[in-house]
Protein chains: 4
Amino acid sequence: MSGASERPLRADAARNRAKLLDVATQVFTTRGIGVPTEEIAHAAGLGVGTLFRHFPTKEALLEAVVVRRLETITARTAQLAAEAEPAEAFFACFRLVVDQSAGKEEFTRALAAAGVDMHASLQESTTVIRAQLAELLSAAQQAGAVRCEVGLPELIALIVGTGTATEQLTADPAARERIFEVVFDGLRPR
Amino acid sequence: MSGASERPLRADAARNRAKLLDVATQVFTTRGIGVPTEEIAHAAGLGVGTLFRHFPTKEALLEAVVVRRLETITARTAQLAAEAEPAEAFFACFRLVVDQSAGKEEFTRALAAAGVDMHASLQESTTVIRAQLAELLSAAQQAGAVRCEVGLPELIALIVGTGTATEQLTADPAARERIFEVVFDGLRPR
Amino acid sequence: MSGASERPLRADAARNRAKLLDVATQVFTTRGIGVPTEEIAHAAGLGVGTLFRHFPTKEALLEAVVVRRLETITARTAQLAAEAEPAEAFFACFRLVVDQSAGKEEFTRALAAAGVDMHASLQESTTVIRAQLAELLSAAQQAGAVRCEVGLPELIALIVGTGTATEQLTADPAARERIFEVVFDGLRPR
Amino acid sequence: MSGASERPLRADAARNRAKLLDVATQVFTTRGIGVPTEEIAHAAGLGVGTLFRHFPTKEALLEAVVVRRLETITARTAQLAAEAEPAEAFFACFRLVVDQSAGKEEFTRALAAAGVDMHASLQESTTVIRAQLAELLSAAQQAGAVRCEVGLPELIALIVGTGTATEQLTADPAARERIFEVVFDGLRPR
DNA sequence: AATGAATGAGCGTTCATTCAT
DNA sequence: GATGAATGAACGCTCATTCAT
């Protein structure tokens, strides 16, 4: 599926690429996308040139970070959806996506922007997740676990918003949990 | 209130300052804080030099924008709190703050960062709002309109999160309304 | 005519702009267009930012250099054409254009490319010169001073080529003169 | 001749070297010397490393391209000089050199720079051609086919200039021919 | 007080060259 | 010998900030 079409990289090149993605994920997440590319390269123990060999523009690096995250989410969501019954799966996936997208404005924007001026790879990844979420939502609603009037756009908006909310409370896990309680209760039919 | 200590500006200087704030608010909100200062100055019909006379750094301008917004919120919140009974006042203020902070990451960050490395004027403004919200929350809880286990940090986090969520749905007011329904229902005691 | 539409620059700004053009002309001519912009700015006693304020891209600077040169040529050509009789005017202008374009590949290319992917200002300047040369050529041919089978494209090609030829001989004015003799004799009817 | 001192290359290495030269000639000629080395290597079906094994710097590659071209010219010139009588040989060689150097600023500069900061191999090649041209010129002058006052430097300058001129007219062979007529007529004694 | 020209550190990106594989 | 990943100096350009006018 993902990236299977490119020729296999040499072992060290693959390692460097992965290292760059890891560092970029970390740096973009914690300090925003304004961080100089050179700093990311050096944090990965590499020169700028190497970064640009792997990702032709800074934007491409950003996109790769987001796509990787989206693919992770997709995979775990599929697993959760297969293993649990509708209501449980729905809420577990909600948490999963919130947790995975925490701290990533880039990501949340990607999830939400849904189709507007998005690059192909992002487009594809978000489409898949949106389909998964739509499925989960529908099943949960049929099972009577979620209000019927909530649609996919509202669900996504709530996920993004809950992500933002929980980010405010990273220092207090119990408070963070209370946010989920409020939102989940609000999602259930009265 | 804030800024009462500076000498009164000449009429035209005051007008310029206000114009700059208006333009900056508009521009930062719609296009992000990356917009060049020169562009803001020109959109206000002024030169860059004048902008920097009024606001010694770009950050100071940003701060002034946020502070003005916070002061507006403070005033309206006080009014609402005085006019309505606890439950109604609480939810109305929740909406108010969400609406006023919509689109302003700067603002939400300011509200949430609450005390960490914040400039004095921001500190002051947020402290006031936090106090108001604490008051409203407490009254609403005593009136039985809001779950008891929700504290001020959770409330603020939910406000910020709801702001993010509703921003995703600017094109669909009905969906936007459903977000409030979910969050408000979730806040009420079962 | 040229540049009359822009607002008048402040005296010092105009001086800086002129200085930049002078330096750029000199540097591009002697060392090619590969010279870093920063070097040009510093050679003019200015910072890079100033250069880019006056000329938004390096290419724009190059174009301005060329246009200024073309305008000089146009003016002098008009003067020569008015003052002398056809044959004399033709050969004098030939020399003039060769001398003025000496060392400027940029220029010669501009003159020759005539219309392909050329910026508006260049287009305009070259069009004027081409018209002048066509006029001079036609008059000289009617006066029996120049072979009839030579057209404007050949004339321009010969001007460009003679420029290249004389550049090889900057150290020996007499030899340079012999180039003109050969070309001029070749242009006359046998 | 040139390069006779290196050890003979393995067959494949020799093939690669030739392929690189062919590709570089084509690419430099049509797109200028700014083309990245990596692109040349790949166009030759090789890696950059291989290119740099054969030519230690980009400049060395450029030089090799020019030298090969010069050697071709030398060989053909010798042949022409041997086969035809002075006047005919002179003009035929003039054409030959012009045609062969067309499109190659690099080349013309090499021919003209004659001795200044030129690498040994170029030095050698240009010296040979210069000698050939001097010979042809002298013979043609003695045969009364070329003006006496024209020296070798002027001849070379005219060749270079004629090359530049004809390049302007690649689209119109008849016009191109007229350039030669003008120059050749100009070269003849009156 | 207002202006906008000048500044230069800093950014994203390129490419000749080196060297581990 | 061949490869192409890695390197980093260098470039064109931006923009917050200063200061002469």
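Letters A, B, ... are given to chains in the order of the sequence lines, protein chains preceding strands, and every chain is numbered from 1. When reading the values below, keep in mind they use all heavy atoms of this one structure, side chains included, and skip hydrogens, waters and symmetry mates.
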Worksheet item: Hey, are the side chains of Leu70(B) and Glu124(B) touching, using non-hydrogen atoms and a 4.5 Å cut-off?
Response: no
Worksheet entry | Closest-nucleotide ordering on DNA chain F, the 5'-leading residue of Gly47(D) and Thr37(C) | Gly47(D)
Response to the item:
Here the distance between atom P of dA5(E) and atom NE2 of His54(C), to the nearest Å, is 7 Å
Discussion item. Please report the distance, rounded to the nearest Å, between NZ in Lys58(D) and C1' in dT17(E).
Written reply: 12 Å
Worksheet item: Partner of dA1(E) by Watson-Crick or G-U wobble geometry, both contacts under 3.5 Å, or none?
Response: none
Discussion item. Of the listed nucleotides (dA16(E), dT7(E), dC15(F)), which one gets closest to any side-chain atom of Pro36(B)?
Written reply: dC15(F)
Worksheet item: Between dA5(E) atom C1' and Arg15(C) atom CZ, what is the distance in whole Å?
Response: 12 Å
Fill in: DNA chain E: 5'-proximal contact among Glu38(D) and Thr57(A) (nearest heavy atom)
Thr57(A)
Worksheet item: If each of Leu46(C) and Gly49(B) is mapped to the nucleotide of DNA chain E with the nearest heavy atom, which maps nearer the 5' terminus, i.e. the 5' end?
Response: Gly49(B)
Discussion item. Side chain of Arg53(B), heavy atoms from C-beta onward: which of dA5(E), dA2(E), dA2(F) has the nearest atom to it?
Written reply: dA2(E)
Worksheet entry | Distance in angstrom units between Leu20(B) CG and dT3(E) C1', rounded | 13 Å
Discussion item. Expressed as a whole number of angstroms, how long is the span from Ile40(B):CD1 to dT17(F):P?
Written reply: 12 Å
Item to complete: Determine which nucleotide pairs with dG10(E), using a 3.5 Å limit on both distances of a Watson-Crick or G-U wobble pair.
Response: dC13(F)
Discussion item. Counting only side-chain nitrogens and oxygens, does Asn16(B) get under 4.0 Å of the OP1 or OP2 atom of dA2(E)?
Written reply: yes
Discussion item. Output the rounded distance in Å from NE2 (His42(B)) to C1' (dC15(F)).
Written reply: 14 Å
Practice prompt. Output yes when at least one side-chain N/O atom of Thr50(D) is less than 4.0 Å from OP1 or OP2 of dT3(F), else no.
Written response: yes
Worksheet item: To the nearest Å, how far apart are Asp12(A) CG and dT18(E) C1'?
Response: 15 Å
Worksheet item: Is there a donor-acceptor pair closer than 3.5 Å between any side-chain N or O of Lys19(D) and the backbone N or O of Leu46(D)?
Response: no
Practice prompt. Taking only Lys NZ, Arg NE, NH1 and NH2, and the carboxylate oxygens of Asp or Glu, determine whether Glu39(D) and Arg31(D) approach each other closer than 4.0 Å.
Written response: yes
Fill in: Length of the CZ-P vector between Phe55(C) and dA5(E), whole Å
13 Å
Discussion item. Taking pairing as Watson-Crick or G-U wobble with both contacts under 3.5 Å, can you name the mate of dT18(E), or confirm there isn't one?
Written reply: dA5(F)
Discussion item. Between Val67(D) and Leu122(D), is there a side-chain heavy-atom distance shorter than 4.5 Å?
Written reply: yes
Discussion item. As a test of reading the structure: which of dC13(F), dA5(F), dT14(E) is closest to the side chain of Phe52(C), going by heavy atoms?
Written reply: dC13(F)
Worksheet entry | pair Leu21(B)-Phe55(B): side-chain heavy atoms closer than 4.5 Å | yes
Worksheet, complete the sentence: Testing dG4(F), dG12(F), dA5(E) for proximity to the side chain of Val48(D), the answer is dG4(F)
